[in-house]
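Here's the structure we're looking at; comments come further down.
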Amino acid sequence: MNDELKRRVENVEKKQAVQVIDFNNVKFENPHPDVHVAKIPIANASWINTSDGVVLVDTLLRTSVSAQMREKILETGGPIKKIIYTHHHVDHVGGARVFEKDKPEIIAHQYLPDDIEKFQILKEHRARIASIQFNIPFDPNRPASGGYLPPTQTYSDSMVFTQGDKTFELYHARAETDDATWVFVPEIKAAFVGDLIISNFPNIGNPFKPDRFALPWARALEKIRDKQPQLLVAHGGRAVYQGDEVKELLDATIEAIYAIHDQVVDAINKDVPIDEMIHDIALPDHLKDSPYLQFVYSRPEFAVYNIYRRYHGYFDHNPAHLLPRPEKEVNSEVFKLIGDPQAILNRATELFDTDQPQLALQVLDILLKQDPDHIEGRRLHYRILELLCETDYCLMSRNTWVYFMEQDKTLLKEKGVEL
Ligand SMILES: [Zn+2]
């Protein structure tokens, strides 16, 4: 996500998860006399002082951190007149309840309440995927949207309001979510962009979540660039960009999104299967080392899957996959044909030893689907995941490998055997 997180990733033991939820560590920045930023490792919030109170953009993850932000707002200005939500993710709306006593107007895109409802109905699922993605305990009773307060006002395409000496232009975007809002304040040439920018390769792909809108996302960033902001506040990652860096950041991100998007579209039109696409599609060479596009949170393979899913149904044009029998059943047939668990284990070990961990994982899966308690199989499984982890600094994939390493560890412990 940001440099700080990257440093942390580099410092953790190779097989540990990337922990980003450091609740009580709020840092503040003051990039412009009227603009303040509050940062926690997973998200940022910001506020703008006007001649008639404060407009707050986002509220951080939970009330324990937003309470610290509220103190700082009141120290440096106040009162809090309006809150704008950039989108419905809990790390942007979850701290709102702290501001209830300020009675602010709360403004959001009109789709935000529906998106919040989606989180409520999928509460258990959301808790499960959060536990994998962020390496936190599975807690189905955790409030899906933290200390969220519903908006008092919503809009559809755009809205403009004046607060004191400043104008706030709000624009809807479909980007990381369908309810994204970015804000431009012309008097100070500042853009507040939510998670449209996270300081690294944008989150246009997530293996756990369906909503990502690559093409409208790139177009929204172009609209932001057209405003020629001199200050850009991102609500994920590093947060503050100023001067020439703003355009460099926007140029690189826009080009990256179009590059991946257009390659997926081309591959779909050529009927390339998705499992080949994820390995064939890459950023152009000149963008690969861009400091704005590191694969610290998301990665191009995840982007390819999300873009594909937006444009393509589940059917891959193989009639065997139109109405398939359960994978477990098919696997059982293959397993019986091989007839020798040791042969599968040997081949998976060979692949692992010759540095083909992903293929090793899939071959080994034939054995483990049939016999999940196979001790040697689970030991090899752990070692393969560990190897995948060692070369992976993307939070979402790395934490996934770690999650399943923990499952192997638990099973082996229950069986009373060493790793
Ligand atoms: Zn988000």
Side-chain angles (χ1 to χ4, degrees), residues 1-2 5 18 20-21 23 37-46 56-62 65-66 83-96 106-109 111-120 122 125-127 129-130 132-134 136 142-148 151 170-183 191-214 216-218 220-221 224 232-239 249 253 257 295-299 302-303 306 310 394-396 399:
M1 311 186 89
N2 54 8
L5 173 58
V18 186
V20 293
I21 317 276
F23 292 131
V37 178
K39 300 168 64 169
I40 56 171
I42 196 172
N44 309 315
S46 48
L56 175 63
V57 183
D58 284 348
T59 64
L60 301 176
L61 175 70
R62 49 159 56 178
V65 282
S66 64
I83 295 176
I84 300 167
Y85 288 146
T86 61
H87 61 303
H88 66 282
H89 284 163
V90 65
D91 51 333
H92 300 263
V93 303
I106 302 180
I107 304 166
H109 184 260
Y111 293 161
L112 183 137
D114 284 355
D115 286 328
I116 294 281
E117 185 191 2
K118 180 184 72 184
F119 278 12
Q120 311 290 359
L122 289 166
H125 166 69
R126 299 287 312 183
I129 63 178
I132 302 174
Q133 183 173 336
F134 296 112
I136 54 175
R142 185 185 300 123
S145 300
Y148 163 75
L170 277 59
Y171 297 96
H172 172 230
R174 286 179 301 154
E176 191 196 32
T177 56
D178 63 1
D179 65 342
T181 291
W182 60 274
V183 183
F192 302 83
V193 304
D195 279 350
L196 269 64
I197 293 285
I198 56 169
S199 306
N200 283 292
F201 183 74
N203 186 19
I204 49 173
N206 180 313
F208 303 97
K209 295 163 193 171
D211 308 337
R212 302 293 177 251
F213 301 84
W217 190 327
L221 292 174
I224 295 170
L232 181 144
V233 177
H235 292 82
R238 186 183 115 181
L249 163 77
T253 311
I257 297 175
F295 309 149
V296 173
Y297 188 67
S298 184
R299 55 194 289 166
F302 296 160
N306 274 90
R310 271 203 62 69
C394 165
L395 178 143
M396 290 194 275
N399 282 4

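Each ligand, and each atom within it, is numbered from 1 in the order the structure gives.
Residues Asn399 and Ile132 form no side-chain contact, since every pair of their non-hydrogen atoms from C-beta on lies 4.5 Å or further apart. Taking 4.5 Å as the limit, some side-chain heavy atom of Met396 sits within range of a side-chain heavy atom of Asn203. The side-chain heavy atoms of Ile136 and Arg142, taken from C-beta on, include a pair separated by under 4.5 Å.
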Working for side chain to side chain donor-acceptor pair (under 3.5 Å), residues His88 and Asp179
CA-CA 7 Å; His88 66 282; Asp179 65 342; 2.9 Å; yes

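Glu176 contributes atom OE1 as its closest N/O/S atom to the Zn ion (ligand 1). Considering just the N/O/S atoms of Asp195, the one nearest the Zn ion (ligand 1) carries the name OD2.
The aromatic rings of His89 and His92 sit tilted relative to each other, their planes meeting at an angle between 30° and 60°.
Among the atoms of His87, an N, O or S atom is found under 2.8 Å from the Zn ion (ligand 1). Distances from the Zn ion (ligand 1) show that Asp91 has no N/O/S atom below 2.8 Å. The Zn ion (ligand 1) has an N, O or S atom of His89 inside 2.8 Å of it.
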